[in-house]
2 protein chains.
Amino acid sequence: MPQKRPSPKRRSGCPLNASVEILGDRWSLLIIRDMMLRGSRTYKEFLESYEGIATNILADRLGKLEAHGIVTAERDPSDGRKLIYLLTAKGIGLAPVLTEMVLWAAAHEDTGNQALVRQMQKDKEQFLAAVRQRWAEKTIRSMAN
Amino acid sequence: MPQKRPSPKRRSGCPLNASVEILGDRWSLLIIRDMMLRGSRTYKEFLESYEGIATNILADRLGKLEAHGIVTAERDPSDGRKLIYLLTAKGIGLAPVLTEMVLWAAAHEDTGNQALVRQMQKDKEQFLAAVRQRWAEKTIRSMAN
DNA sequence: CATCTTACTTGTGAAATGCAAGTGAAAATA
DNA sequence: TATTTTCACTTGCATTTCACAAGTAAGATG
């Protein structure tokens, strides 16, 4: 069981503030999206995302996400150059947050990826269950290596 | 009906990216929290929040939230110095996002305000319904002035 | 063994942030 | 009515973060 750290120097004890301090920037949630919904696992795959994150920012964010226990990094046994990044349970726990953010933007902004949005709208819980199951399979497979 | 703007210069059409571009900083969601859950309505009330936002940042964020149609600002008829900030329908639409972020942080970080968290955990939909109703009452009352 | 790939790091300028102080209009007070 | 206080900002400046381009080291490939 991962422990809850008292986590130093928070601006306040408010849980929303904690989320904002950890995730409140223009890139972290996009990296998590890539892992959760697109199956991205390596530095190179994250770099290939359409938004175009800079290499130094990506390295910084991956380090912070790892420090926060949201992702893990492990060497690829079949290619010693690669690090495989995976979401932890804490990381996959963000699925409802991402989902609500997608639904909000889809409802109020001019956005694309309507296929994904309709899936979420049709049955949110089923969508989340599918996301969690894909994650569980991928995680078990990785631990078997 | 508020229209969805094509909104220029987005990094991508992904709805999550839209949310992140609009809300992805260390203060915007805390201002929305103050309005949604604490009943804050004026500049001064936002400044009094425990996290301690700087005056220039607050002015900037309120302006951006207004530009995004998330809040409105109107002169207080009973005190010409004050501006009353209120959440729009788009703004109150963020309630599920805030709720999930609170629940995630409460589950994985060491945070406070357990009373709020337990309310959300006990019945999420009821909590959201209460938030929406408070908002509707406040908004109608304000429009009557 | 030379080349390519992967995951970074470094350097630099631009932009955002944080802090302190100041401003102007409106309201409260003497 | 004159003075002080309140409110909602704005301004200036130092610090931090961000973005872009270029470079590097370890491992894989041909």
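Since we're looking at a predicted model, the values are computed, not measured. Sequence lines set the chain letters: A, B, ... in the order given, protein chains first and strands last, and positions in each chain run from 1.
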Length of the CD1-P vector between A:Ile57 and C:dA7, whole Å: 18 Å
Integer-rounded Å distance: C:dT6 C1' and A:Tyr85 OH: 11 Å
Distance, rounded to the nearest Å, where A:Arg75 contributes CZ and C:dT5 contributes C1': 13 Å
Partners passing ring pair (Phe, Tyr, Trp, His ring centres under 6.0 Å) against B:Trp27 (at least two apart in sequence or in another chain): none
Where chain A begins and ends its contact with DNA chain D, read 5' to 3' at 4.0 Å from heavy atoms: D:dC18 to D:dA28
Selection from C:dT17, C:dT5, C:dA25 that lies nearest to any side-chain heavy atom of B:Arg81: C:dA25
Side-chain touch B:Thr99/B:Leu128, heavy atoms, less than 4.5 angstrom: yes
A:Ser19: partners by side chain to side chain contact (heavy atoms under 4.5 Å, CB included), with sequence neighbours left out: B:Met101, B:Trp104, B:Ala105
Residue met sooner reading DNA chain D from 5', once A:Asp79 and A:Arg61 are mapped to nucleotides: A:Arg61
Any residue of residues 38-46 of chain A with a heavy atom less than 4.0 Å from an atom of DNA chain D: none
Residue pair A:Val102 / A:Arg33, side-chain heavy-atom distance below 4.5 Å: no
Whole angstrom value for the distance that separates C1' of C:dA16 from CH2 of A:Trp27: 16 Å
Set of side chain to side chain contact (heavy atoms under 4.5 Å, CB included) partners for A:Asp34, sequence neighbours left out: A:Arg38, A:Ser40, A:Phe46, A:Ser49
Distance in angstrom units between A:Asn56 CG and C:dT12 P, rounded: 14 Å
Whichever of B:Gly80 and B:Asp60 has its nearest DNA chain C nucleotide further upstream toward 5': B:Asp60
Distance, rounded to the nearest Å, where A:Lys82 contributes NZ and C:dC4 contributes P: 18 Å
Passing candidate, side-chain contact (heavy atoms from CB on, under 4.5 Å) with A:Tyr43, options A:Ile84, A:Leu83, A:Leu62: A:Leu62
Atom of B:Leu23, atom of B:Ser28 and distance for their closest heavy-atom approach: O-CB, 4.3 Å
Listed partners of B:Thr88 passing side chain to side chain contact (heavy atoms under 4.5 Å, CB included), at least two apart: B:Thr72, B:Lys90
Separation of C:dA15 C1' from B:Lys64 NZ (nearest whole Å): 10 Å
Whichever of A:Arg26 and A:Asp76 has its nearest DNA chain D nucleotide further upstream toward 5': A:Arg26
Interatomic distance where CD1 belongs to B:Ile53 and P belongs to C:dA20 [whole Å]: 15 Å
For B:Leu37 against B:Val131, the heavy-atom pair lying closest together: CD2-CG2, 4.1 Å
